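From a predicted model like this one, the values you see are computed outputs, not experimental measurements. So that the names make sense, note that chain A is the first sequence line, chain B the second, and so on, each numbered from 1.
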2 protein chains.
Amino acid sequence: MSFQKVLIVDDEAPIREMIKLALELEGFTCLQAQSASEALPIIVDQRPDLVVLDWMMPDVSGLDFLRRLKRDDNTREIPVIMLTAKTEENSVVNGLDAGADDYISKPFRPRELISRIQAIMRRISKMTGDGLLVVGELCLDMKGHCVFVDDQLVTMGPTEYNLLKFFMGHPDRAYSRAQLLDQVWGSNVYVEERTVDVHIRRLRKALKPAADGVDCGRFIQTVRGAGYRFSARLASL
Amino acid sequence: MSFQKVLIVDDEAPIREMIKLALELEGFTCLQAQSASEALPIIVDQRPDLVVLDWMMPDVSGLDFLRRLKRDDNTREIPVIMLTAKTEENSVVNGLDAGADDYISKPFRPRELISRIQAIMRRISKMTGDGLLVVGELCLDMKGHCVFVDDQLVTMGPTEYNLLKFFMGHPDRAYSRAQLLDQVWGSNVYVEERTVDVHIRRLRKALKPAADGVDCGRFIQTVRGAGYRFSARLASL
DNA sequence: TGCATTGGTAACGATAATGTCACATTAATA
DNA sequence: TATTAATGTGACATTATCGTTACCAATGCA
């Protein structure tokens, strides 16, 4: 639904639930899959920001699945964290070779998982350690679920909030209306593409609070014929 | 943010109960775990403000567990008090080396435990040493189990009190109804999510005592589509 | 037992959010 | 410039969410 979607791939439901619980408390949205075959369509459809992948799975091994992801252009860029049992320590090398971004050995401390995830999120996004997305005068507090423009609280609807959260997490890249619907609304709802325009409009409006205030709506740029882009840089680019 | 939840990790139930009793008399909420493996998920889910850790435990030794907590960025800051038998006096050094904030040797007087906990409270938390949570005109007395608005006693039901206590201990953060049910009601009870709304209403009402009095209900903000948030700052930071 | 307090739920009205349309405006192209 | 496609904008009906009240069950206490 929004920025910071984490897909948890593990055949053991309790482990998935524990990870999910811990991550949700930190403001992440979680998707689950109990096998590689179940995970693949989810990755394609939902495009999670991160995959937490168990090493041992019933159908395809974690390593094979990882290799497959890293071979495909469309999934290559998605960061992956591997979960390995202690007895599989040597597999870590293989995992990292195959393109995993990090690994954690089981039994693991959930806090550790969260730390690593946040580290990776920080690396790929502008997120700070405490759940703050900051771009220019714009600040989005994921924990407090609120947005500040020039240190001043601004109000917006949930959809505008999710839209902004997604944009701030994926800056400098143009997204088509269809992609935005998938990422922000969810891939299994049907709404008109033009609806995106209206919400973009509402978001821009919300980010231009006072008459004298800074117009942060400029961060959202129209890419004619393609969609919209959030960028800290202004018109040039 | 404040000391209210204390996790007691000990394999002996009578000891846990004794500590629990003493702490609850002082206004603390207690969580219990009889082993390190049981304690970990609780620490992640509930994020206690303090851990009272027995030195001798069946699965992982207290020292190992402590080291584990202190190695992780996200659990490092949680203060830990070690319980050691007299015959393990030399282990105290190890414990303090590993990052314990204090220790108490068994058999101990409950008063002693409470004093140490309060000392740690004073040292680390925002809370005053007297068990007071203060935000603006709002003051929650954990010892007296009562709430003051503008130095005037207000009455509310136990649930509203717990809700407020949780909120005041975790300000500036939005919680979903499900999370509030977990944190305030307990994670294994089933009640309707809308019930939260009603108690929020009752709490707000209780915090708006007189017609002329300050409306402290404003501290509790509705985050549409997400839940509720307690925040000292008003609309404009 | 009778009464008071508290907790959970349902119901209903108020309010905010959503999706869609019609029309205005802007940009691209010939 | 004329034309066309793409986007901006305001308004509207519908829906979802929230606030509030009322009610009943459970509990505790005299």
The single option from Ile42(A), Val9(A), Val6(A), Thr75(A) passing side chain to side chain contact (heavy atoms under 4.5 Å, CB included) against Val51(A): Val9(A)

Close side-chain approach of Leu7(B) to Ile78(B), heavy-atom, < 4.5 Å: no

5′-ward residue of the pair Lys205(A)/Val223(A) relative to DNA chain D: Val223(A)

Interatomic distance, Trp185(B) CH2 vs dT6(C) C1' [rounded to whole Å]: 12 Å

Toward the 5' end of DNA chain C, by each residue's nearest nucleotide, Pro158(B) or Thr195(A): Pro158(B)

Whole-Å distance separating the CD atom of Glu193(A) from the C1' atom of dC21(C): 16 Å

Nearest-Å distance for atom pair CG/C1', residues Asp197(B) and dG7(C): 15 Å

Among dC21(C), dT9(C), dG8(D), the one nearest Glu192(B) by side-chain distance: dT9(C)

CA sep, side-chain torsions, deciding dist, call: Ile200(A), Arg204(A), side-chain contact (heavy atoms from CB on, under 4.5 Å): CA-CA 6 Å; Ile200(A) 289 281; Arg204(A) 281 173 172 160; 3.8 Å; yes

Touch class at under 4.0 angstrom, heavy-atom based, for Thr222(B) against every strand present: sugar-phosphate

Extract from the structure each pairing of a protein N or O with an N or O of nucleotides 14-17 of chain D at less than 3.5 Å, listing the distance.
{"unit_1": "dT17(D)", "atom_1": "O2", "unit_2": "Arg224(B)", "atom_2": "NH2", "d": "3.3"}

Interatomic distance, Ile200(A) CD1 vs dG19(C) P [rounded to whole Å]: 13 Å

pair Tyr228(B)-Thr222(B): side-chain heavy atoms closer than 4.5 Å: yes

Residue-phosphate contact under 4.0 Å: Thr159(A) side-chain N/O, dA17(C) OP1/OP2: no

Interatomic distance where CG belongs to Leu163(A) and P belongs to dA17(C) [whole Å]: 15 Å

Nucleotide nearest His199(B) (side chain, heavy atoms from C-beta), chosen from dG19(C), dG8(C), dC18(D): dG8(C)

Which residues share a salt bridge (charged side-chain N to carboxylate O under 4.0 Å, His left out) with Arg194(A), sequence neighbours left out: Asp197(A)

Whole-Å gap separating P (dA6(D)) and OH (Tyr228(A)): 13 Å

Rounded to 10 degrees, the angle between the two terminal axes of the helix from dT1(C)-dA30(D) to dA30(C)-dT1(D), each from five pairs: 30°

Pairwise side-chain contact, Tyr190(B) with Leu181(B), heavy-atom cut-off 4.5 Å (strictly under): no

Asn162(A) CG to dG19(C) P, straight-line distance once rounded to whole Å: 11 Å

CG on Leu164(B) to CE on Met156(B), rounded to 0.5 Å: 5.5 Å

Test log, rule ring-ring contact (aromatic ring centres under 6.0 Å, His included), inputs Phe167(A) and Phe219(A): CA-CA 10 Å; Phe167(A) 270 137; Phe219(A) 287 138; over 10 Å; no

Min side-chain heavy-atom separation Cys146(A)-Val223(B) under 4.5 Å: no

Interatomic distance where OH belongs to Tyr190(A) and P belongs to dT20(C) [whole Å]: 7 Å

Candidate nucleotides dT6(C), dG19(C), dT9(C), ranked by approach to the side chain of Arg202(B) - the nearest: dT9(C)

Minimum-distance nucleotide to Arg204(A) side chain [options: dG8(D), dA10(C), dT18(C)]: dG8(D)

Donor + acceptor pair across side chains of Gln32(B), Glu17(B) (<3.5 Å): yes

Sugar-phosphate only, base, or nothing, as touched by Val196(B) at under 4.0 Å among non-hydrogen atoms: nothing

